[in-house]
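Some notes on the structure that comes next.
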Amino acid sequence: MKPSIPQGTRDFSAAVLKKRNFIFNTIRRVFELYGFEQLETPAMENIETLLGKYGEEGDKLIFKILNNGLNLPEKHDTARKDFEAVLSGKTSKGISERALRYDLTIPFARYIAMNHGQLTFPFKRFQMQPVWRADRPQRGRYREFYQCDADIAGSNSILHEIELTSIYATVFHQLRVPVEIHINNRKILQALAQQCGGESNMINITIAIDKLDKIGLDKVKLELKERGLTIEQVEIIEKYISIKGDNQSIIGTLKKLFANNEIGMEGINEMVEILEHSKSSKIPSTVVVNPSLARGLNYYTGTIFEVKATGVEMGSIGGGGRYDDLTGLFGVKGIAGVGISFGVDRIYDVMEELAVFPENIQAGTVALFFNTGIEKTHLVDLATSLREDGIACEIFHEAVKFDKQFKYAEKKSIPFIVIIGEEELKNGTANIKELSTGVQKTVTIQELKKAFTP
RNA sequence: GAGGAUGUAGCUCAGCUGGUUAGAGCGUCUGAUUGUGGUUCAGAAGGUCGUGGGUUCGAGCCCCAUCUUCCUCCCCA
């Protein structure tokens, strides 16, 4: 058998992990600075927790786990019946009662719904775990990938939107990735739907206009017509998504369009507040008001976010928004939430393309002790003593010619090598050579540590 | 889920209308060089041509199926 891994999954080598961890650590540090606490949930959820939460297409993309024990003779009859249901496109608990998590927001909502009695609100949690989607893999699209989410549950305050915007700005500033943070507000889209035949058209409208950037105005109009909107309604939407200009002029136009619509004005005012704070913030950021931003997930009810890297062809590298009643799906009413998500795998690809990973994160072993054939104890003791001071070092495993030992150090990008032979042992000295410069110096064993602690 | 491209040595790729024993560069290993690497030189190892069928006297090349990776649609991080 030829070893392989499932389509759309990857192994991560040490070099890749160092860079990935740099991203994870940056995000984690910022989350913690804003008071978020970490949560982990199981890779699998009960299937009914996930089904029906991600729109019409979403259910198809959920990885289902086959139940165990279907082969038991006493279960054959029900298993056959259940499988018939699967063949006709339904899901059946008799065949599958668990599935891999599709995102981190729904498991979070499930957690809140289960534990709301014990939690202190507003509850701020962050979560960094893999999610799985049965999508067709492409560049920047995997079947297993990590999300890093920060959400606040149990508060309607716009303060959270302001802080989440600032988290996005801080993280991408620290990662040196230039981004645009696109914002919009579902309340404005709701108002738009009210003017176009009622809120029952909301989903049709959001799905279509969300594609504006990708397929262009004409195709969006076509799709709207196909989704059953009248020509008059499509005209209203065209007017809406054609709004152009800087943030201020867009806001101005929106205010005129929805002057008589209470919910619309509410959404606009929320956006204005977020914009004002980001403008006055010390953290540099580019926040863009984008009326055609809609996001496919239909549980959003207020502010919506999407982050795009500038200068790189890549889908969104982050997204999120406010949902007034997420836990309502799990029978707990009245808990509002708002959150954002970072797509680590895409951020990685973007950073690789922009070559913005810092040099020093590659650092591993600092010093390699050459094996000159002297009694091992001397080297083991020395290495232990260096490690006590936090200096990563290795001892070459066999006394072979230096050529090999040098090449090992080079391959692993170890900056220093230490040579202690019989002669040095007698004198209590060590030769330290810096490989990048070729400079070699002799120090006493006692001074060895200092050479690696600048 | 629909459509399209791709796969040859560890890596990047050649390989003619189907014709003897499948090539190069880089890397690896050995030696020049048994305590001083990166350069140079000499030599060697390394391939069920993604996998499984088929057509043919003969297949890396043609046909079918399947898997991988990539692209478009859909959707998204």
Side-chain angles (χ1 to χ4, degrees), chain A residues 1-10 23 27 54-62 89 101-105 128-149 168 179 206-208 210-211 213-215 219 223 293-298 305-309 313-320 339-350 368 370-374 396 398-425 430-442:
Chain A
M1 177 202 125
K2 217 177 204 175
S4 65
I5 53 174
Q7 189 183 35
T9 65
R10 297 150 297 161
I23 301 173
I27 295 171
Y54 306 107
E56 30 182 324
E57 291 295 305
D59 285 358
K60 290 184 200 161
L61 299 178
I62 294 171
R101 80 165 94 74
Y102 178 90
D103 71 356
L104 300 178
T105 307
M128 312 202 301
Q129 288 187 275
V131 302
W132 293 269
R133 295 188 187 173
D135 212 346
R136 179 155 302 194
Q138 275 178 42
R139 173 181 145 80
R141 173 177 309 204
Y142 306 98
R143 285 185 154 178
E144 178 184 69
F145 62 97
Y146 275 75
Q147 289 191 330
C148 299
D149 279 29
Y168 265 146
V179 294
T206 55
I207 289 174
D210 202 34
K211 297 176 192 168
D213 283 348
K214 219 167 176 184
I215 64 177
K219 284 187 178 166
E223 178 154 351
L293 175 65
R295 295 189 60 77
L297 299 170
N298 47 31
F305 299 99
E306 200 155 292
V307 182
K308 290 186 166 191
E313 263 317 306
M314 182 66 74
S316 63
I317 55 176
I340 54 171
S341 177
F342 288 83
V344 173
D345 303 80
R346 284 190 178 174
I347 293 170
Y348 179 95
D349 289 347
V350 167
L368 175 72
F370 270 24
N371 193 324
T372 55
I374 60 167
F396 198 80
E398 54 187 357
V400 292
K401 59 182 185 178
F402 280 21
D403 182 73
K404 280 212 174 225
Q405 309 200 36
F406 269 116
K407 279 180 177 154
Y408 177 82
E410 244 173 79
K411 282 277 162 56
K412 284 193 74 171
S413 314
I414 298 172
F416 296 98
I417 58 107
V418 181
I419 302 172
I420 301 171
E422 294 295 347
E423 199 63 24
E424 287 80 5
L425 204 57
N431 296 324
I432 303 173
K433 185 165 184 174
E434 185 173 7
L435 290 195
S436 59
T437 57
V439 176
Q440 180 167 325
K441 56 184 176 180
T442 306

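Below, read A as the first sequence line, B as the second, and so on, with proteins coming before strands; counting in each chain starts at 1.
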Does the side chain of [X] get closer than 4.0 angstrom to OP1 or OP2 of [N] through an N or O atom?
X: A/K404; N: B/rU30; answer: yes
X: A/K401; N: B/rG31; answer: yes
X: A/K211; N: B/rC76; answer: no
X: A/R295; N: B/rA77; answer: yes

Picking from [options], which would you name as closest to the side chain of [X]?
X: A/Q138; options: B/rC73, B/rA77, B/rG35; value: B/rC73
X: A/S316; options: B/rG35, B/rA77, B/rC75; value: B/rA77
X: A/I207; options: B/rC70, B/rC75, B/rA77; value: B/rC75
X: A/Q7; options: B/rG37, B/rU68, B/rC76; value: B/rU68
X: A/R141; options: B/rC76, B/rG37, B/rG35; value: B/rC76

Hey, does [X] reach any base, or is it just sugar-phosphate, or nothing, if we go heavy atoms under 4.0 Å?
X: A/G8; answer: sugar-phosphate
X: A/R346; answer: base
X: A/D135; answer: base
X: A/Q405; answer: nothing
X: A/F342; answer: nothing
X: A/E410; answer: base
X: A/K308; answer: nothing
X: A/E422; answer: base
X: A/I347; answer: nothing
X: A/E306; answer: nothing

RNA chain B nearest-nucleotide lookup for A/I417 and A/R136: closer to the 5′ end is A/R136
On RNA chain B, more 5' by nearest nucleotide between A/G140 and A/V400 is A/V400
Please give the distance between the [atom1] atoms of [N] and [M] as a whole number of Å.
N: B/rG50; M: B/rA14; atom1: P; result: 14 Å
N: B/rA5; M: B/rA77; atom1: P; result: 31 Å
N: B/rG46; M: B/rU30; atom1: P; result: 16 Å
N: B/rG7; M: B/rU36; atom1: C1'; result: 44 Å
N: B/rA45; M: B/rC29; atom1: P; result: 16 Å
N: B/rG3; M: B/rG60; atom1: P; result: 30 Å
N: B/rG25; M: B/rC73; atom1: P; result: 42 Å
N: B/rG58; M: B/rG18; atom1: C1'; result: 8 Å

Round to a whole Å and report the spacing from [atom1] of [X] to [atom2] of [N].
X: A/E144; N: B/rU68; atom1: CD; atom2: P; value: 15 Å
X: A/K407; N: B/rG27; atom1: NZ; atom2: C1'; value: 11 Å
X: A/I5; N: B/rU69; atom1: CD1; atom2: C1'; value: 11 Å
X: A/K433; N: B/rG35; atom1: NZ; atom2: P; value: 14 Å
X: A/K411; N: B/rG27; atom1: NZ; atom2: P; value: 9 Å
X: A/Y146; N: B/rC76; atom1: OH; atom2: P; value: 24 Å
X: A/N431; N: B/rU36; atom1: CG; atom2: C1'; value: 10 Å
X: A/K219; N: B/rC75; atom1: NZ; atom2: P; value: 13 Å

Check: [Y] and [X] side chains under 4.5 Å, non-hydrogen atoms:
X: A/Y168; Y: A/V179; answer: no
X: A/F145; Y: A/R133; answer: yes
X: A/L368; Y: A/Y408; answer: yes
X: A/W132; Y: A/R143; answer: no

Side chains of A/N431 and A/E424: any donor to acceptor distance under 3.5 Å?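 Their side chains do contain a donor-acceptor pair, which is all the 3.5 Å distance test asks for.
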Q | Nearest-0.5 Å distance that lies between atom NZ in A/K407 and atom NZ in A/K411 | A |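 Answer for the NZ-NZ pair, A/K407 versus A/K411, is 8.0 Å.
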Rounding to 0.5 Å, atoms CD1 (A/I419) and CZ (A/F402) come to a distance of 4.5 Å
Only one of A/T105, A/D345, A/V344, A/L104 passes side-chain contact (heavy atoms from CB on, under 4.5 Å) with A/Q147, and that residue is A/L104
- [ ] Go through the structure and list residues passing salt bridge (charged side-chain N to carboxylate O under 4.0 Å, His left out) with A/D135, not counting sequence neighbours.
- [x]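 A/D135 satisfies salt bridge (charged side-chain N to carboxylate O under 4.0 Å, His left out) with A/R141 once adjacent residues are dropped.
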If stacking means aromatic ring centre less than 5.5 angstrom from the base's six-membered ring centre, planes under 30°, is A/F402 stacked on B/rG37?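 By the stated criterion, A/F402 and B/rG37 do not stack.
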Stems for RNA chain B (at least 3 consecutive Watson-Crick or G-U pairs, under 3.5 Å) come to B:1-5 with B:69-73, B:10-13 with B:23-26, B:28-32 with B:40-44, B:50-54 with B:62-66
- Query: Under 6.0 Å between ring centres, would you say that holds for A/F342 and A/Y146?
  - Reply: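 No, the ring of A/F342 stays outside the 6.0 Å limit from the ring of A/Y146, centre to centre.
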For A/N371, the side-chain contact (heavy atoms from CB on, under 4.5 Å) test, sequence neighbours excluded, returns A/F396, A/A399, A/Q405
